[in-house]
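To start, the structure itself, in C-alpha cells.
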Amino acid sequence: MLNLLLIANLLVSAGPQTSFIIKGIPLLSYSSQTGVGYGLRIGLYTYEPGEKEYKWNIYGQFFKTTGGVQKHRIFFDYKSPLRVTLTAEYNKALYENYYPDSITFDVPMGDTFYTYIHTNMFFRGVARYGIGFFMLESQNHSIEIRSNSALDSLKPYGIEGGRINGLQGGIFFDRRDYEGDPTKGYVLELSYGLWFGKDYRFTTLFASARGYISFLKDRITLASRIAYSVLPQKDVPFFAYGWNYSIQPFEGLGGRNSVRGYPTFYHMSSKKIVVNNELRFRMLSFNFLNSEWTVGSVLGIDAGMSKYGRSITGFVGGLRVMWGRDFIIALDYGKSGEFSTLDITFDHAF
C-alpha cells in the first residue's frame, strides 16, 4: 500500500490564556485489493500557556477507497479532573481477517480464504476521574461471508452479526510525563466489562503495564508493555475475540497495535498475552508553522501468545513525524518469518 500524507496548519490566538490550532491531513492510499483511497482528517486543538499537550481536541476523519473500504470517525476529548472522551465510528472492511486459533486449513496464510466483509458502527464514551474510569459502548456488526472460506466452513458463533453493548470499569493509573509521546513514567490498567445484546452475553478482563525510561537528554526512550486479555465464557461472538478490551481497545494477536509483522486478528483467541519493546529515537527537532516538530525513528520487537500455546514474534522498524507532543504520524514496517506488514497511521503503537 502506498500512502501520501500532506499537512496544513492554522494558528489563531484567543488572548493570553488559550491558543487554538487546526491540524489537518489529507490522506491518499493505494491497494491492489481495495483500490485508491482518499480522505481527510482535520481537528481543532486548544492549548493553555506553556502546555505541549492539548486541553481539548475534536477531530473528524473521512476515508474511503474506490473498492468500497470506508473508515469515518468523529472524536472528542476534554482533559479535566473529570475527563470525557467520545468516539463515533463507521468502518467497512472488505478483507477482515479470520484466522481461527485452534484449527488449521491446507490453504496458504494470507489467502482471501481467511477473510470476510465486515461492517461495524460503534459509539464509545469514556469518563475518567482520578485513577478510576467507566466506559459505555454500543456496537453494530454486519457480516458478509465469502463462499468456501474459513468462516463459511466453520460457521462460528456470532456469524449472523448483530448489536452488542458494553459496560466497562476499572483503574487507569497514569504517571507519564506526556500522554502522546512519553519519555518517562508508567501506566497501570485493569478493567472488567459486561457485554450484552439480543443474542450475546459475555464478560471481559484486561490488565496491562506500560513503562518508559529515557537516556541522553530524552533523545532515546525505551518503551515496554505487557498486556493480558481474557474472555472467560464459551459463547462469545467470533468477531469479539480479536480485541483487547482496554480503555483504548486494540487488536491482537497480530496487527499494528499488538504484534507487528502479522496480519490483524492473526490469532483470535479467548486468552492472549502481548509483549512489546521499542527503542524510540528523537533524531531532529525544529520549529515550523509556530509549532515544535520532531522527526524520530523506532526499532522494536513484539511477541504474543494465545490460548492454545501458539506464539508469534515480529520485528519492527519505523519512522515518526511529531507535531508537538500529541499529534504523531507513524510509519511501521513489521517483519516476521511468515509475513511483512506496512502501516501508515497515527500515534505510537502503545
**OP:** Decide ring pair (Phe, Tyr, Trp, His ring centres under 6.0 Å) for Tyr114 and Tyr98; before the verdict, give the C-alpha distance in whole Å, the side-chain angles of both, and the deciding distance to 0.1 Å.
**Re:** CA-CA 5 Å; Tyr114 296 99; Tyr98 174 68; 8.5 Å; no

**OP:** Report the C-alpha separation of Phe350 and His348 in whole Å, then their side-chain angles, then the decisive distance to 0.1 Å, and conclude whether the ring pair (Phe, Tyr, Trp, His ring centres under 6.0 Å) test is met.
**Re:** CA-CA 5 Å; Phe350 60 94; His348 288 297; 8.3 Å; no

Original post:
Given Arg163 and Tyr200, is the side-chain hydrogen bond (donor to acceptor under 3.5 Å, both in side chains) satisfied, shown in steps?
Top reply: CA-CA 9 Å; Arg163 181 179 296 278; Tyr200 310 116; over 6 Å; no

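Every residue two or more places apart in sequence or in another chain was checked for a salt bridge (Lys or Arg N to Asp or Glu O under 4.0 Å) with Asp343, and none qualifies. With sequence neighbours excluded, the residues satisfying side-chain contact (heavy atoms from CB on, under 4.5 Å) with Tyr228 are Val230, Lys271, Ile273.
Proximity of Val316 to Leu299: side-chain heavy atoms (C-beta onward) are nowhere separated by under 4.5 Å. The side-chain heavy atoms of Leu231 and Phe202, taken from C-beta on, include a pair separated by under 4.5 Å. Between Phe63 and Gln70, every side-chain heavy-atom pair lies at or beyond the 4.5 Å cut-off. Contact annotation: the side chain of Asn57 never approaches that of Thr46 to less than 4.5 Å [non-hydrogen atoms, C-beta and beyond]. Side-chain contact check for Thr345 versus Leu331: every heavy-atom pair is 4.5 Å or farther apart. Taking the side chain as every heavy atom from C-beta outward, Arg41 and Phe62 never approach each other to under 4.5 Å. Contact check for Arg175 versus Tyr212: no side-chain heavy atoms found under the 4.5 Å cut-off. Using a 4.5 Å heavy-atom cutoff, the side chains of Ile131 and Phe172 are not in contact.
Side-chain atoms of Ser336 come within 3.5 Å of backbone N or O of Phe339 as a donor-acceptor pair. The main-chain N or O of Glu179 is found under 3.5 Å from a side-chain atom of Glu53 such that the two form a donor-acceptor pair. Judged by distance alone, the side chain of Thr341 and the main-chain N or O of Gly261 form a donor-acceptor pair under 3.5 Å.
Expressed to the nearest 0.5 Å, how far CE of Met322 lies from CD1 of Ile328 amounts to 6.0 Å. Atom CZ of Arg325 and atom OG1 of Thr294 lie 7.0 Å apart (nearest 0.5 Å). With rounding to the nearest 0.5 Å, the separation of OG in Ser258 from NE2 in His267 is 11.0 Å. Of the inter-residue distances, the one linking Asp218 atom CG with Thr183 atom OG1 reads 4.0 Å to the nearest 0.5 angstrom. Atom CZ of Phe265 sits about 4.5 Å away from atom CD of Glu96, to the nearest 0.5 Å.
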Taking distance alone, no hydrogens or angles, what donor-acceptor pairs closer than 3.5 Å link side-chain atoms of residues 300-310 to residues at least two apart or in another chain?
residue : atom : partner : partner atom : Å
Asp302  : OD1  : Arg260  : NH2          : 3.1
Asp302  : OD1  : Asn276  : ND2          : 2.9
Asp302  : OD2  : Arg260  : N            : 3.0
Asp302  : OD2  : Arg260  : NE           : 2.7
Asp302  : OD2  : Arg260  : NH2          : 3.3
Ser306  : OG   : Asp101  : OD1          : 3.1
Ser306  : OG   : Asp101  : OD2          : 3.0
Arg310  : NE   : Asp101  : O            : 3.0
Arg310  : NH1  : Asp101  : O            : 3.0
Arg310  : NH2  : Asp101  : O            : 3.2

Side-chain donor-acceptor pairs under 3.5 Å in residues 236-246, sequence neighbours left out?
residue : atom : partner : partner atom : Å
Tyr241  : OH   : Lys234  : O            : 3.4
Asn244  : ND2  : Phe250  : O            : 3.2
Asn244  : ND2  : Glu251  : O            : 3.4
Tyr245  : OH   : Ala240  : O            : 2.8
Ser246  : OG   : Gln248  : N            : 3.3
Ser246  : OG   : Gln248  : O            : 2.7

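Ring orientation note: the planes of Tyr78 and Phe76 are close to parallel, at an angle under 30° on the 30°/60° scale. Classified by interplanar angle (parallel below 30°, tilted 30° to 60°, perpendicular above 60°), the ring pair Trp56/Phe20 is perpendicular. Relative orientation of the Phe113 and Phe105 rings is perpendicular, given thresholds of 30° and 60° on the angle between their planes. Using cut-offs of 30° and 60° for the angle between ring planes, the Tyr45 and Tyr47 rings count as parallel.
The salt bridge (charged side-chain N to carboxylate O under 4.0 Å, His left out) analysis of residues 130-159, with sequence neighbours excluded, yields the pairs Arg124-Glu137, Asp152-Lys155. Residue pairs meeting the ring-ring contact (aromatic ring centres under 6.0 Å, His included) criterion with at least one member in residues 119-139: none, sequence neighbours excluded.
Look at Asp181 and Arg280 and you find no salt bridge, because none of the NZ, NE, NH1 or NH2 atoms lies under 4.0 Å from a carboxylate O. Using a cutoff of 4.0 Å between basic side-chain nitrogens and carboxylate oxygens, Glu89 and Lys71 are scored as salt-bridged. Salt bridge Lys79/Asp326: absent, no basic N to carboxylate O contact under 4.0 Å.
Linking ILVMFWY side-chain heavy atoms closer than 4.5 Å, directly or via other members, places Tyr95 and Ile117 in a single hydrophobic cluster. By the criterion of side-chain heavy atoms lying less than 4.5 angstrom apart, applied directly or through intervening Ile, Leu, Val, Met, Phe, Trp or Tyr residues, Tyr178 is not grouped with Leu279; the two fall into different hydrophobic clusters. Tyr38 is not connected to Ile344 by any chain of hydrophobic side-chain contacts under 4.5 Å among Ile, Leu, Val, Met, Phe, Trp and Tyr, and they are in different clusters. Under the 4.5 Å side-chain contact rule for hydrophobic residues, Phe281 and Val295 share a cluster. With hydrophobic clusters built from ILVMFWY side chains whose heavy atoms lie under 4.5 angstrom apart, Ile42 shares a cluster with Ile58.
Counted within 6.0 Å of CD1 on Ile145, heavy atoms from surrounding residues, nucleotides or ligands total more than 12; the atom is thus considered enclosed. More than 12 heavy atoms of other shown residues, nucleotides or ligands fall within 6.0 angstrom of atom CG in Asn287.
Side chains of Asn165 and Ser138: a donor-acceptor N/O pair is present below 3.5 angstrom, by distance only. Side-chain atoms of Thr221 and Ser214 form a donor-acceptor pair, as typed in the model, at a separation below 3.5 Å. For the 3.5 Å distance criterion, the side chains of Thr203 and Gln233 qualify, holding a donor opposite an acceptor. One side chain, Asp77 or Tyr54, offers a donor N or O that lies under 3.5 Å from an acceptor on the other. Using modelled atom types, one finds a donor on one side chain and an acceptor on the other under 3.5 Å when comparing Glu338 with Tyr266.
In terms of heavy-atom proximity, Ser149 sits nearest to Thr115 at CB-O, 4.2 Å. The two residues Tyr333 and Ser340 make their nearest non-hydrogen contact at OH-CB, 3.5 Å. For the residue pair Leu188 and Ala209, the shortest heavy atom distance occurs at CD2-CB, 3.8 Å. Closest approach of Thr66 to Gly35, counting heavy atoms only: OG1-CA, 3.5 Å. Nearest heavy-atom pair, Ile21 versus Ser291, reported as atom, atom and distance to 0.1 Å: CD1-OG, 4.2 Å. The nearest pair of heavy atoms linking Lys55 to Ser80 is NZ-CA, 4.1 Å.
Judged by the 6.0 Å distance and 45° axis criteria, Arg219 is not positioned over the aromatic ring of Phe215.
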